[in-house]
Amino acid sequence: QVQLVESGGGLVQAGGSLRLSCAASGRTFSSYVMGWFRQAPGKEREFVLGISRRGGSINYAASVKGRFTISRDNAKNTVYLQMNSLKPEDTAVYYCAASDSIVVVATRSGYNYWGQGTQVTVSS
């Protein structure tokens, strides 16, 4: 089992940047595929980005490709979400998740463990 704690959320103006971090504890971090999801008010939780165990494979949602990147540091048990060129429609609670899968899945059901989320608000 793994515990996940997100940090780095906040309020930013449109066009700005934020970097989210997700610190993991528990079972070996490098054994998990990691993903970021987000949930806006009144909407379903949606996949944003995922990264393979060693970071060699990344899966993107079309809405963030070219603006958001994901990376991981297995030595620090941390996964990052770098968000650039933020838009008001990126406003959501962002969740870190861990998957036992061997491939980078893009569905909510593919992830076994979840953090509590961190709020990102982008003002226009």
Donor-acceptor pair, distance only, cut-off 3.5 Å: does the side chain of Thr91 make one with the backbone of Val122? yes
Gln3 side-chain N/O to Ala24 backbone N/O, donor-acceptor pair under 3.5 Å: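 No, the answer is negative, given that no donor and acceptor are paired below the 3.5 Å cut-off.
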Does [X] belong to the same Ile/Leu/Val/Met/Phe/Trp/Tyr cluster as [Y], with side-chain heavy atoms less than 4.5 Å apart forming each link?
{"X": "Met34", "Y": "Ile58", "result": "yes"}
{"X": "Leu20", "Y": "Leu11", "result": "no"}
{"X": "Val105", "Y": "Tyr60", "result": "no"}
{"X": "Leu81", "Y": "Val12", "result": "yes"}
{"X": "Leu4", "Y": "Val104", "result": "no"}

Could you go through Thr118 and Tyr95, starting from their C-alpha distance and side-chain angles, then the distance that decides it, and tell me whether this counts as side-chain contact (heavy atoms from CB on, under 4.5 Å)? CA-CA 7 Å; Thr118 185; Tyr95 296 90; over 6 Å; no
Holding to salt bridge (Lys or Arg N to Asp or Glu O under 4.0 Å), I want the full list of residues that pass it with Asp73, two or more places apart in sequence or in another chain. none
Considering only heavy atoms from C-beta outward, does the side chain of [X] approach that of [Y] to under 4.5 Å?
{"X": "Arg108", "Y": "Trp114", "answer": "yes"}
{"X": "Arg72", "Y": "Tyr80", "answer": "no"}
{"X": "Leu18", "Y": "Val120", "answer": "yes"}

[atom1]/[X] to [atom2]/[Y] distance, rounded to the nearest 0.5 angstrom?
{"X": "Tyr94", "Y": "Gln119", "atom1": "OH", "atom2": "CD", "answer": "9.5 Å"}
{"X": "Ser21", "Y": "Lys76", "atom1": "OG", "atom2": "NZ", "answer": "9.5 Å"}
{"X": "Ser124", "Y": "Glu89", "atom1": "OG", "atom2": "CD", "answer": "10.0 Å"}
{"X": "Arg54", "Y": "Asn74", "atom1": "CZ", "atom2": "CG", "answer": "9.0 Å"}
{"X": "Arg67", "Y": "Ser85", "atom1": "CZ", "atom2": "OG", "answer": "7.0 Å"}

Please enumerate all residues that pass side chain to side chain donor-acceptor pair (under 3.5 Å) together with Asn84, with sequence neighbours excluded.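 For Asn84, the residues satisfying side chain to side chain donor-acceptor pair (under 3.5 Å) (neighbours in sequence not counted) are Ser17, Gln82.
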Each residue besides Val5 in its hydrophobic cluster should be listed here, by chain and number; the cluster joins Ile, Leu, Val, Met, Phe, Trp and Tyr at side-chain heavy-atom distances under 4.5 Å.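 So far as hydrophobic clustering goes, Val5 is joined with none.
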Taking every non-hydrogen atom, the tightest pair across Ala23 and Thr78: CA-OG1, 4.2 Å
Exercise: identify the closest heavy-atom pair between Ser71 and Val79: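 In this case the closest contact between Ser71 and Val79 is O-CG2, 3.1 Å.
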Look at the rings of Tyr111 and Phe37 and say which category their plane angle falls in: under 30° parallel, 30 to 60° tilted, over 60° perpendicular.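 Rings of Tyr111 and Phe37: perpendicular, over 60°.
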Side chains of residues 43-53: which donor-acceptor partners sit under 3.5 Å, not counting sequence neighbours?
from: Arg45; atom 1: NE; to: Gln39; atom 2: OE1; distance (Å): 3.2
from: Arg45; atom 1: NH2; to: Gln39; atom 2: OE1; distance (Å): 3.4
from: Glu46; atom 1: OE2; to: Arg38; atom 2: NE; distance (Å): 2.6
from: Glu46; atom 1: OE2; to: Arg38; atom 2: NH2; distance (Å): 3.2
from: Ser52; atom 1: OG; to: Gly55; atom 2: N; distance (Å): 3.4
from: Ser52; atom 1: OG; to: Gly56; atom 2: N; distance (Å): 3.0
from: Ser52; atom 1: OG; to: Ser57; atom 2: N; distance (Å): 2.9
from: Ser52; atom 1: OG; to: Ser57; atom 2: O; distance (Å): 3.4
from: Arg53; atom 1: NE; to: Ser31; atom 2: O; distance (Å): 3.2
from: Arg53; atom 1: NH2; to: Ser101; atom 2: O; distance (Å): 3.4

Which residues share a side-chain contact (heavy atoms from CB on, under 4.5 Å) with Asp100, sequence neighbours left out: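 Here the qualifying residues are Arg27, Tyr32, Asn112, Tyr113.
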Disulfide bond (SG atoms under 2.5 Å apart) contacts touching residues 32-124 (sequence neighbours left out): Cys22-Cys96
